[in-house]
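Everything below concerns the one structure shown next.
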Amino acid sequence: MDLHTGRTLWSESDISPKSYPRLDGDVQSDVVVVGGGIGGAIAAWEIAERGFQVVVVERHRVGMGSTRGNTGLLQYANDMPLAEMIRVHGRARAVAFYRRCREGVGRIREIVKQLPEDVEFADRMSVCYASVPAHIPRLKDEARALAQHGFAADLVVGRDELRRAFGIDREAALVTYGDAEVNPLKFTRALLAELVRRGAARVFERTAVVRTEENDAHVAVETDAGFRVRARAAVIATGYVFQNTRPLAGARLGCTYAIATEPLSDLAAWPEGVLIWETARPYLYMRTTRDRRLVVGGLDLPVPDGPRRDGDLNVRAEQLARLTQQVLPDIGPVSIAYRWASTFGSTTDGWPVVGAHPGFRRVFCSLGYGGNGTVCYAVAADIIARRMAGEARPEDDVLGPDRFALWRRAAKRLSAVMTHGAPG
């Protein structure tokens with residue numbers, strides 16, 4: 001599966017990465033993590049923090065899958081607003097999930113402090129503007145839901161007020177706090193390098209897993225070269241490739257487009273310390289970098305890869321630049337330095353996929369599908385690491401992949417009713 005097209009900012013600005021060997025023999029460990037992207041790295045870190053030895057296997061190079069197309073926004077808010085999630089999942093579950101995501105941002109913040117390398121982490125607030133005036137009631141509902149459940153939020157209404165406060169030329173926006181940004185590729189590489197330095201993990205690149213087996217005591221993953229990693233448990237953190245190899249009924253793949261500009265000489269027109277997104281779906285999302293670039297993404301399509309995605313790259317990149325100037329008219333002309341399209345995943349219920357892999361007992365999924373995927377990976381890593389340490393909680397099970405069986409049965413029943421009518 002081709003996860004990217006174009007030139008991504010992070011991979012081309014980090015040109016001397018540490019390399020790891022290809023697995024050339026059988027090895028044993030407490031846990032094997034399949035996937036050396038940001039999800040696998042966070043999972044390996046949290047598992048190692050519980051005292052387990054970890055082996056990480058990556059089929060290409062560390063961080064060069066979905067991670068290099070990640071725009072590095074760390075937001076606890078989901079693609080599904082809290083008010084809507086309450087209607088879908090019920091108040092208790094929805095609020096608990098949002099709190100978990102807020103804790104996930106906090107956990108990443110704490111991990112970064114332990115890394116010797118600067119991974120360009122910075123605390124940020126988020127501004128979600130109403131794409132059109134008709135969306136203002138949604139922002140008011142969301143502001144009430146957030147405030148009611150202990151999430152700090154401010155509503156700014158009025159084009160003049162919003163322009164003065166944030167330079168955004170729209171009618172209203174919701175401001176939330178406690179988010180952050182990071183260089184996702186540097187973060188991933190720094191996590192794994194530090195685990196290796198500590199002797200807590202071994203990392204193998206260019207090592208593809210082709211088969212997984214388990215018994216009552218162990219799991220074994222076999223590589224394309226015929227070697228095996230034997231462990232007490234395995235974590236599958238292969239990102240969106242998972243959906244191509246073993247599709248989940250409640251997950252879907254699409255593509256998103258992104259640009260990074262040349263460094264701006266003056267960022268005075270950008271609202272300091274802010275991540276920006278909007279109420280429309282698909283939505284525009286924006287941030288800055290330490291070297292004064294703008295990173296802008298959006299204009300999603302329901303196609304994960306292929307000619308349609310790739311052929312639209314240049315047109316959509318220019319459109320992203322124009323939209324940025326419309327939303328932030330004082331920012332001035334921007335020049336595109338990098339443009340790329342990347343595969344992304346989402347789920348029907350707005351939650352990531354965390355839990356026992358269908359058909360296994362010692363193999364666990366860690367799939368951070370959704371717009372706040374990196375934060376969801378932090379949530380997933382915590383759940384899986386606690387489970388391996390014997391600290392599982394009943395509420396962890398609601399994120400498991402088996403939940404989609406309920407959605408599938410409901411869809412079949414609805415289809416039957418639509419086709420044949422309700423039973424008499």
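The residues of the chain are indexed from 1 along the displayed sequence.
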For R138 and D141, run salt bridge (charged side-chain N to carboxylate O under 4.0 Å, His left out): C-alpha distance rounded to whole Å, both residues' side-chain angles, the deciding distance at 0.1 Å, then the answer.
CA-CA 5 Å; R138 295 187 201 174; D141 287 346; over 6 Å; no
Audit row: L9, W340, side-chain contact (heavy atoms from CB on, under 4.5 Å) steps and yes/no
CA-CA 9 Å; L9 168 63; W340 67 95; 4.0 Å; yes
Report yes or no: does [X] contribute a side-chain atom to a donor-acceptor pair with the main-chain N or O of [Y] at less than 3.5 Å?
X	Y	answer
Q325	I331	no
R102	G178	no
R386	E391	yes
E142	A83	yes

Quick one: pull up [atom1] in [X] and [atom2] in [Y] and give me the separation to the nearest 0.5 Å.
X	Y	atom1	atom2	value
L191	I38	CG	CD1	7.5 Å
N183	R189	CG	CZ	9.0 Å
S342	R309	OG	CZ	7.0 Å
T207	D224	OG1	CG	7.0 Å

Within the 4.5 Å heavy-atom criterion, are R206 and R61 side-chain neighbours or not?
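Yes, their side chains come closer than 4.5 Å.
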Would you check if F121 and I108 make a side-chain contact, meaning some heavy-atom pair closer than 4.5 Å?
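Yes, side chains in contact.
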Does this structure show an ion pair linking [X] with [Y], if we count only N-O contacts that are shorter than 4.0 Å?
X	Y	result
R50	D382	yes
E84	R87	no
R403	D349	yes
R107	E49	yes
D160	R163	no

Under 6.0 Å between the ring centres of Y369 and Y240?
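Judged by ring-centre distance (under 6.0 Å), Y369 and Y240 do meet the cut-off.
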Taking the six-membered ring for Trp, are F151 and Y76 ring centroids under 6.0 Å apart?
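Centroid separation for F151 and Y76: below 6.0 Å.
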Apply the test side-chain contact (heavy atoms from CB on, under 4.5 Å) to residues W45 and V54: give CA-CA distance (whole Å), side-chain angles for both, the deciding distance (0.1 Å), then the verdict.
CA-CA 9 Å; W45 182 276; V54 183; over 6 Å; no
Any chance the side chains of S346 and D79 put a donor and an acceptor closer than 3.5 Å?
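Side chains of S346 and D79: no pair found under 3.5 Å.
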Is there any ring pair (Phe, Tyr, Trp, His ring centres under 6.0 Å) pair reaching into residues 270-316, and which pairs are they, with sequence neighbours excluded?
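Matches after skipping sequence neighbours: W277-Y283, Y283-Y285.
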Identify which one of [options] satisfies the side-chain contact (heavy atoms from CB on, under 4.5 Å) criterion when paired with [X].
X	options	result
P271	V175, T288, L328, L162	L328
V203	V57, V55, V62	V62
V354	I383, D397, V398	I383
R339	R7, R316, E318	E318

Evaluate the side-chain contact (heavy atoms from CB on, under 4.5 Å) criterion for residues R93 and W351: first the C-alpha distance (whole Å), next the side-chain angles of each, then the deciding distance (0.1 Å), finally the verdict.
CA-CA 11 Å; R93 287 185 172 186; W351 284 350; 4.1 Å; yes
Report the C-alpha distance between H149 and R99 in whole Å, list the side-chain angles of each, state the deciding distance to 0.1 Å, and finish with yes or no for side-chain hydrogen bond (donor to acceptor under 3.5 Å, both in side chains).
CA-CA 9 Å; H149 297 99; R99 287 175 178 162; over 6 Å; no
Derivation of the side-chain contact (heavy atoms from CB on, under 4.5 Å) call for Y20 and V56
CA-CA 10 Å; Y20 298 96; V56 179; over 6 Å; no
